[in-house]
Amino acid sequence: MDSKEIDLLVRRLEVSAGGADFPIVTQLAERQHDPFKILISTVLSLRTKDEVTGKATEKLFRLASTPEGMMKLSEEEIRQAIYPVGFYRNKARQIPEICRDLVERFFSRVPDTLEDLLSLKGVGRKTANLVLSLGYGQEAICVDTHVHRISNRLGLVKTKTPEQTEFALQDTLPRCYWSRYNTLLVSFGQRVCRPVSPLCSSCLLGDLCPRISVTSHR
DNA sequence: AAAACGGGGGC
DNA sequence: GCCCCAGTTTT
């Protein structure tokens, strides 16, 4: 796929994903340029729907908005604030831990390198890359289940794991598309090209999808 | 590579 | 009741 075809694909994804008015894009834009907020909200978003995560993040930040403040919150306080995101045992425990790490090892700042971000407890490649991309404006591809699934469905990559997808996309996509691409694909994956009962009839990319007539896209 | 983790909400 | 979800960690 040459760069002209890729540019066309990204544009078509933009149209299919519904453009900037889509809630996820709006929410992400609001969190932009605040790496700490992006980090915390992404940890909260693990296996949880994004509308729920957005509200939970706001409530939590009303309690404390800095690593210093947040590391002092009790598990119970956090649990109440972030209801109903689920995964409380992990999340309510990890947040003060991450904040303590930020204060003690990184001078209360969210790191801006992949290696440092991955050293935080509960932060994996997807979270780390999202912080780099949205928080620090670096070109990064963060691969979640949507990006993994749809990149394969569109034939951009042929991979088994999200990590393989990340590296394959780095080879396939020019850098300038990385940040736009992953945000778009998540929107597209949630509203149109869903894992279960995808809206193929209203999808504008049917000609690129080998499974257009198949009922399930899993 | 696969399983464990883990809980509210939608149907 | 059953299944799904912007993942990460452990076996």
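Heavy-atom basis, side chains included; hydrogens, waters and symmetry copies ignored. Throughout, a chain's letter reflects where its sequence line sits, starting with A, and its residues are numbered from 1.
For the pair A/Arg12 (side chain) and A/Leu204 (backbone), a donor-acceptor distance under 3.5 Å is present.
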Table please: side-chain donor-acceptor pairs of residues 96-105 of chain A below 3.5 Å, with sequence neighbours left out.
{"from": "A/Asp101", "atom 1": "OD2", "to": "A/Arg105", "atom 2": "NH1", "distance (Å)": "2.9"}
{"from": "A/Arg105", "atom 1": "NH2", "to": "A/Ser119", "atom 2": "OG", "distance (Å)": "3.1"}

Please enumerate all protein N or O atoms sitting under 3.5 Å from an N or O of nucleotides 1-5 of chain B, with distances to 0.1 Å.
none

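With salt bridges taken as basic N to acidic carboxylate O contacts below 4.0 Å, none links A/Lys126 and A/Glu163.
Following rounding to the nearest Å, A/Asp50 (CG) and B/dG9 (C1') show an atom-to-atom distance of 15 Å. Between A/Leu130 atom CG and C/dT8 atom C1' the separation is 15 Å, expressed in whole Å. Whole-Å rounding puts the A/Tyr181 OH to C/dA6 C1' distance at 15 Å. As a whole-Å value, the separation of A/Asn182 CG from C/dA6 P is 14 Å. Summarising the geometry, the separation between CD1 on A/Ile38 and P on C/dA6 is reported as 18 Å, rounded to the nearest angstrom. One can place CD of A/Glu163 at 21 Å from P of C/dA6, the figure rounded to the nearest angstrom. A/Glu51 places its CD atom 12 Å from the C1' atom of B/dG10, with the value rounded to the nearest Å. Across the protein-nucleic acid pair, A/Gln94 atom CD and B/dG6 atom P stand 10 Å apart, rounded to whole Å.
Heavy-atom distances to DNA chain C give each of A/Gly122 and A/Asp144 a nearest nucleotide, and the one nearer the 5′ end belongs to A/Asp144. Between A/His146 and A/Leu118, the residue anchored closer to the 5' end of DNA chain C is A/His146, taking for each the nucleotide with the nearest heavy atom.
With sequence neighbours excluded, the residues forming a side chain to side chain donor-acceptor pair (under 3.5 Å) with A/Tyr177 are A/Asp7, listed by chain and number.
Distance noted for atom C1' between B/dC11 and C/dA6: 22 Å (whole Å). Between C/dG1 and B/dG6, the distance separating the two P atoms is 24 Å to the nearest Å.
Closest contact between the side chain of A/Lys121 and the listed nucleotides B/dG8, C/dT10, C/dA6 involves C/dT10.
A/Thr165 and A/Thr159 share a side-chain donor-acceptor pair at under 3.5 Å. Side-chain contact annotation: A/Glu166 with A/Asn129, donor-acceptor N/O pair under 3.5 Å present.
When heavy atoms are screened at a 4.0 angstrom cut-off, A/Val85 is found touching no nucleic acid atom at all.
At the phosphate of C/dT8, OP1 or OP2 sits under 4.0 Å from a side-chain N or O atom of A/Thr127. Contact annotation: A/Thr48 does not reach the phosphate of C/dA6 (side-chain N/O to OP1 or OP2, under 4.0 Å).
Considering every non-hydrogen atom in both A/Ser133 and A/Ser179, the closest pair reads OG-OG, 3.2 Å.
Across all strands shown, B/dA4 forms a Watson-Crick or G-U wobble pair, both distances under 3.5 Å, with C/dT8.
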